[in-house]
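Order of the sequence lines fixes the chain letters, A, B, ..., with proteins taken first and strands second; residue numbering starts at 1 for each chain.
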2 protein chains.
Amino acid sequence: MHREEKNEMANTKKIDYAILGLLSHEPLTGYEIKQRMNTSLQMFWGASFGSIYPTLNILEKDGFVTSEDTSINARERISYTITTLGRKHLKEWLLIPVEKDEIRYETLLKLFFGTENGAIGTLKHIVAFEQKVNEKLEVLRASVTILEQSRDTEEEHLYYLLTAEFGVHTYEAYLKWCKVAKAELRKRGK
Amino acid sequence: MHREEKNEMANTKKIDYAILGLLSHEPLTGYEIKQRMNTSLQMFWGASFGSIYPTLNILEKDGFVTSEDTSINARERISYTITTLGRKHLKEWLLIPVEKDEIRYETLLKLFFGTENGAIGTLKHIVAFEQKVNEKLEVLRASVTILEQSRDTEEEHLYYLLTAEFGVHTYEAYLKWCKVAKAELRKRGK
DNA sequence: TGGCTCATGTAATCTGTTACATGATTCT
DNA sequence: AGAATCATGTAACAGATTACATGAGCCA
């Protein structure tokens, strides 16, 4: 196993860029950032409040964002806006090659060790997986339809569209695989 | 945003089960476990030495594995074997529904924020992604060919095969998407 | 002899989640 | 009135990586 090579400049914290990226489109509150992570970025990125709020403070201290009180009456609201410096910081990161793409699929882990569980037990996990994928695919298809209408007028939407299309391609492949896997396991499961 | 509901029994550490699962097939050293993670499990799970060795010790303390000195001359080697209790522990986990499947794709993050980087810059990330996928696909296809020959005689191989086929389906979908995305961005990039 | 692979392990550190704490507003 | 949502934040903890430390065996 070759020596894990030294990471020159690598492995910067990604949440900073995820947040900066979201703010590059429009000013947002921490709460709204969390919502974006749960919807638009949901399929390939996530973060909890417990990491979003502290990161926002650090980003401000570093001069990458500015904050503004946008409270409505007594309802507290702090909107963050990206600065020129923050944009530069984001752009620099966008320029460097991708360090890591990774998936952590418990479903595949349970599948890989399927012998211990048997064909029937493993089948259940695949069926559950299939159902989740079906739900997510529906949502993605809806957003593709919407984004297609504005991809030529709003530059950002082209990139959102490509991301959503990635999801559609991927999830459709998952479903095709589910069919094959289910058939194979049903043959064994008796 | 609905209250994140309380996790009754959930969110057990997964590395324990990944290791127990590998040991359910055959006794292995910590070093060999790492190798499996870098090859067979590579596409959906990973771990470093810094988490494998300590976990192995805990697993032994808990009675889920036993260790045996299998040194060759002065070359230290400690092989771990799963116990009946360990098998039971693994089986119980395999029975419960999957908690989380997640992907963390930096490539998609950089794509999503493509406006800041421009079509040409974003294209580079896709080309790099495509190349990596091509390499991995080749390896996966080779293992599918091998596993197909033994899926009916060796039960475990059926599950390895299904996992590898998942990878093939997924990666083929990625490549199809790369084509579409590249074409779209090339149209913009001038 | 030098470099790679085999082999184990620990300490410092990083990153992030979970659970808690608090409170306003809106919807039914 | 009560539930859900909007909204911010912190402390404790979990989980894992990275870098370091150490050394044997093998191959060119």
*Find the distance R104(A):CZ to dT17(D):C1' and express it as a whole number of Å.*
11 Å
*Under 4.0 Å between any heavy atoms, over every strand shown, what does S71(B) touch: base, sugar-phosphate, or nothing? Just pick one.*
nothing
*side-chain N/O T29(A) vs dC6(D) OP1/OP2, d < 4.0 Å*: no
*Check whether any side-chain nitrogen or oxygen of Y31(B) sits under 4.0 Å from OP1 or OP2 of dC6(C), and answer yes or no.*
yes
_Is it the case that the side chain of R188(B) and the backbone of E155(A) share a donor-acceptor pair, with hydrogens and angles ignored and the cut-off at 3.5 Å?_
no
*Grab the CG-C1' distance between N57(A) and dG16(C) for me, whole Å please.*
16 Å
*Between I52(A) and E76(A), just flag the one whose closest nucleotide in DNA chain C comes earlier from the 5' side.*
I52(A)
_Check the phosphate of dC6(C) against Q35(B), side-chain N and O only, distance under 4.0 Å to OP1 or OP2. Yes or no?_
yes
*Starting from the 5' end of DNA chain C, give me the residue, I72(A) or D16(A), whose nearest nucleotide shows up first.*
D16(A)
*Y53(B) OH to dT17(D) P, straight-line distance once rounded to whole Å*: 14 Å
*Given the side-chain rings of F113(A) and Y159(B), with only the six-membered ring counted for Trp, is the space between their centroids under 6.0 Å?*
no
_Length of the NZ-C1' vector between K100(B) and dG16(C), whole Å_ = 10 Å
*Report yes if at least one side-chain N or O of S48(B) is closer than 4.0 Å to OP1 or OP2 of dA16(D); otherwise report no.*
no
*I33(A) CD1 to dC6(D) C1', straight-line distance once rounded to whole Å*: 15 Å
_Under-4.0 Å salt bridge between E172(B) and R141(B)_ = yes
_Regarding R75(B), tell me which of base, sugar-phosphate or nothing describes its non-hydrogen contacts under 4.0 Å with the strands shown._
base
*With a non-hydrogen cut-off below 4.0 angstrom, is G30(B) in contact with a base, only sugar-phosphate, or nothing?*
sugar-phosphate
*Rounded to whole angstroms, how far apart are CD on E106(B) and C1' on dT15(C)?*
15 Å
*Tell me: CZ of F49(B) to C1' of dT22(D), nearest whole Å?*
14 Å
*asked:* Does K182(A) form a salt bridge (Lys or Arg N to Asp or Glu O under 4.0 Å) with E130(A)? I'd like the steps, not just the answer.
replied: CA-CA 10 Å; K182(A) 274 162 54 188; E130(A) 191 179 30; 3.0 Å; yes
*Is the shortest side-chain N/O distance from S51(A) to OP1 or OP2 of dT17(C) below 4.0 Å?*
yes
_Whole angstrom value for the distance that separates P of dG16(C) from CE of M37(A)_ = 10 Å
*Assign the ring pair F129(B) / W177(B) to parallel, tilted or perpendicular, where the plane angle (0 to 90°) is split at 30° and 60°.*
perpendicular
